[in-house]
Amino acid sequence: MSFKQNKNDLLKFSDEVLEALNTGKPVVAVESTVISHGLPYPENVVTAKKIEDAVRAGGSIPATIGIENGHFIIGMTDADIDRFASTPGIPKVSSRDIPIILAKSGMGATTVASSLVAADLANIPFFASAGIGGVHRGAEKTMDISADLIQFTRSKVAVVCAGAKSILDLGLTMEYLETHCIPVIAYASDNFPAFYCVSSGISSPHRLDNEEIIADSIEKHWKLGNNSSILITSPIHAEDAIDRDEIEIVIKEAMVLADKNNVRGPAITPYLMKAVGKATEGRTVKANMSVLISTAKLAGRLAKIHALYRQKKPIAAFVQA
Ligand code: PSU
Ligand code: MN
């Protein structure tokens, strides 16, 4: 089936992504909340393009996702990235918000969760995220659990990330993933990473160093009938990482501030990330940029290996590429 006659009029593909999907080239989806809410202008434009370059360096085609004019954009042009980076007031759109923003024909910056909805509809099997959302600290009282986790149970996408955001309760996040049967693979490492930090201190249920076995695990997960995601983690480069004890102090202070200012719901993640950025004089922002790029590059490589695996090409032909 050609994507030109795609069943879904909610998707609008860039020419490059459409061509890639129609010819079996590997594609990696990425989110746009980090562009519209995560970083200031114009660093967000520069970073969004570096993320795309990193996916390409890994051997795949990037598809940055957003919402505009009643459809998902599947693959932003440079002009799209510029608009999403510089237009004030673009809402952060998670899964629950999608139908309304589509119906209103508004712009929307997609989170991990809503980007996965789009990626799955578009048949894009890979997604890169620096750090997924998860169970928030204090969730036993607030019940604040990111829709990213729930969406993993519904979208058939392989998610490459540096673990979950450090501001979260990573122990509870892992428990949630286990309960909901979401496989977690640490690529060439032992522990579940913590976004700004190399390790959360929690060991990962599985370590795989062989990229073809990762591709095979992804395919087997879906062959088993799971219409859900599978996570592949890789930590931030050690030289860009922040010490766990140091970041803990800063996060706790930011949480006190958030509580004092009555920050709730979707606003909490961007608020805390900005607050820790300020408290570390931009070091967490730099770490965030680094990990956005490293995870995009790895996703590009794993998506390429996965695409070749699907075509059953000999391993030697693609491991070196
Ligand atoms: N990066 C930021 N700010 C954000 C996010 C990323 O600097 O708000 C988004 C991501 O898109 C992620 C989402 O999917 O936060 C999770 O937010 P919540 O806990 O509200 O579900
Ligand atoms: Mn929430």
Side-chain angles (χ1 to χ4, degrees), residues 29-41 43-45 47-48 51 64-67 72 84-85 89-98 101 108-119 127-155 157 159-170 172-173 176-177 194-196 229 231 236 247 251 254-255 258-259 262-280 282-293 295-296:
V30 295
E31 62 153 292
S32 49
T33 291
V34 69
I35 306 174
S36 299
H37 294 267
L39 297 164
Y41 184 82
E43 281 94 331
N44 52 0
V45 177
T47 307
I51 292 169
T64 303
I65 311 279
I67 300 178
F72 280 108
F84 276 79
I90 301 177
K92 170 179 167 182
V93 173
S94 194
S95 297
R96 65 160 188 190
D97 310 305
I98 299 170
I101 302 301
T110 52
T111 62
V112 170
S114 55
S115 302
L116 289 177
V117 171
F127 176 79
S129 161
I132 57 168
V135 180
H136 283 262
R137 299 177 190 211
E140 63 276 14
K141 282 214 184 92
T142 62
M143 285 186 69
D144 192 348
I145 298 174
S146 174
D148 292 358
L149 295 185
I150 288 79
Q151 197 59 50
F152 291 153
T153 70
R154 304 177 176 192
S155 297
V157 181
V159 176
V160 179
C161 62
K165 292 192 169 69
S166 314
I167 56 169
L168 301 164
D169 186 322
L170 299 184
L172 291 186
T173 300
Y176 189 99
L177 292 168
F195 191 56
Y196 303 132
S229 302
L231 300 192
I236 186 169
I247 199 71
I251 290 169
M255 286 184 68
D259 198 44
N262 218 13
V263 185
R264 298 273 180 276
I268 194 93
T269 298
Y271 180 93
L272 289 176
M273 292 184 70
K274 272 188 197 110
V276 296
K278 208 168 149 201
T280 58
R283 280 173 55 228
T284 56
V285 180
K286 210 177 137 248
N288 194 354
M289 283 156 127
S290 157
V291 79
L292 279 163
I293 290 156
T295 47

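Just so you know, these numbers come straight off a predicted model, no measurement behind them. Whatever order the structure lists them in is the order used to number ligands and atoms, beginning at 1.
- Those atoms of ligand 1 that come under 4.0 Å of a heavy atom in Thr33, given as number and element, are 4 (C), 5 (C), 8 (O), 9 (C), 11 (O).
- Between Asp148 and Lys165 no salt bridge is recorded (no basic side-chain N to carboxylate O distance below 4.0 Å).
- Scanning Glu31, Gln151, His37, Lys92 for the heavy atom closest to atom 10 (C) of ligand 1 points to Glu31.
- Among all non-hydrogen protein atoms, the one lying nearest atom 3 (N) of ligand 1 is Met273 SD, 3.9 Å.
- Checking side-chain atoms of Ser155 against main-chain N and O of Val157 turns up no donor-acceptor pair under 3.5 Å.
- Considering only non-hydrogen protein atoms, atom 15 (O) of ligand 1 sits nearest to Thr269 CG2, 3.6 Å.
- Taking both residues in full, the closest heavy atoms of Val112 and Ser129 are given as CG2-OG, 3.7 Å, listed atom of the first, atom of the second, then distance.
- Ligand 1 has Lys165 within reach: a non-hydrogen atom of the residue lies less than 4.0 Å from it.
- From the protein, the heavy atom lying nearest to atom 21 (O) of ligand 1 is Ser146 OG, 2.7 Å.
- Each of the atoms 11 (O), 14 (O) of ligand 1 lies under 4.0 Å from some heavy atom of Thr111.
- Put simply, the side chain of Thr173 never gets that close to the backbone of Gly134: no donor and acceptor are under 3.5 Å apart.
- The shell of residues lying under 4.0 angstrom from ligand 1, judged by heavy atoms, excludes Ser94.
- By the 3.5 Å distance cut-off applied to N or O atoms, Val112 is counted among the residues near ligand 1.
- Of all the heavy atoms in His37 and Lys274, the pair that sits closest is O-NZ, 3.4 Å.
- Of all atoms in ligand 1, listed by their number and element, those nearer than 4.0 Å to a heavy atom of His136 are 19 (O).
- Shortest distance from the Mn ion (ligand 2) to Asp144 is reached at OD1 (N/O/S atoms only).
- Atom numbering of ligand 1 starts at 1 in the shown order; those under 4.0 Å from a heavy atom of Asp148 are 12 (C), 14 (O), 16 (C).
- Close approach of ligand 1 to Pro270 (heavy-atom distance below 4.0 Å) involves ligand atoms 8 (O).
- Contact check for Thr295 versus Ile236: no side-chain heavy atoms found under the 4.5 Å cut-off.
- Side chains of Gln151 and Ser95: a donor-acceptor N/O pair is present below 3.5 angstrom, by distance only.
- Smallest separation of non-hydrogen atoms from Ser36 and Ile90: OG-CD1, 3.9 Å.
- The protein atom (non-hydrogen) at minimum distance from atom 7 (O) of ligand 1 is Gly38 CA, 3.1 Å.
- In terms of modelled atom types and a separation under 3.5 Å, the side chain of Ser166 and the main chain of Ala194 share a donor-acceptor contact.
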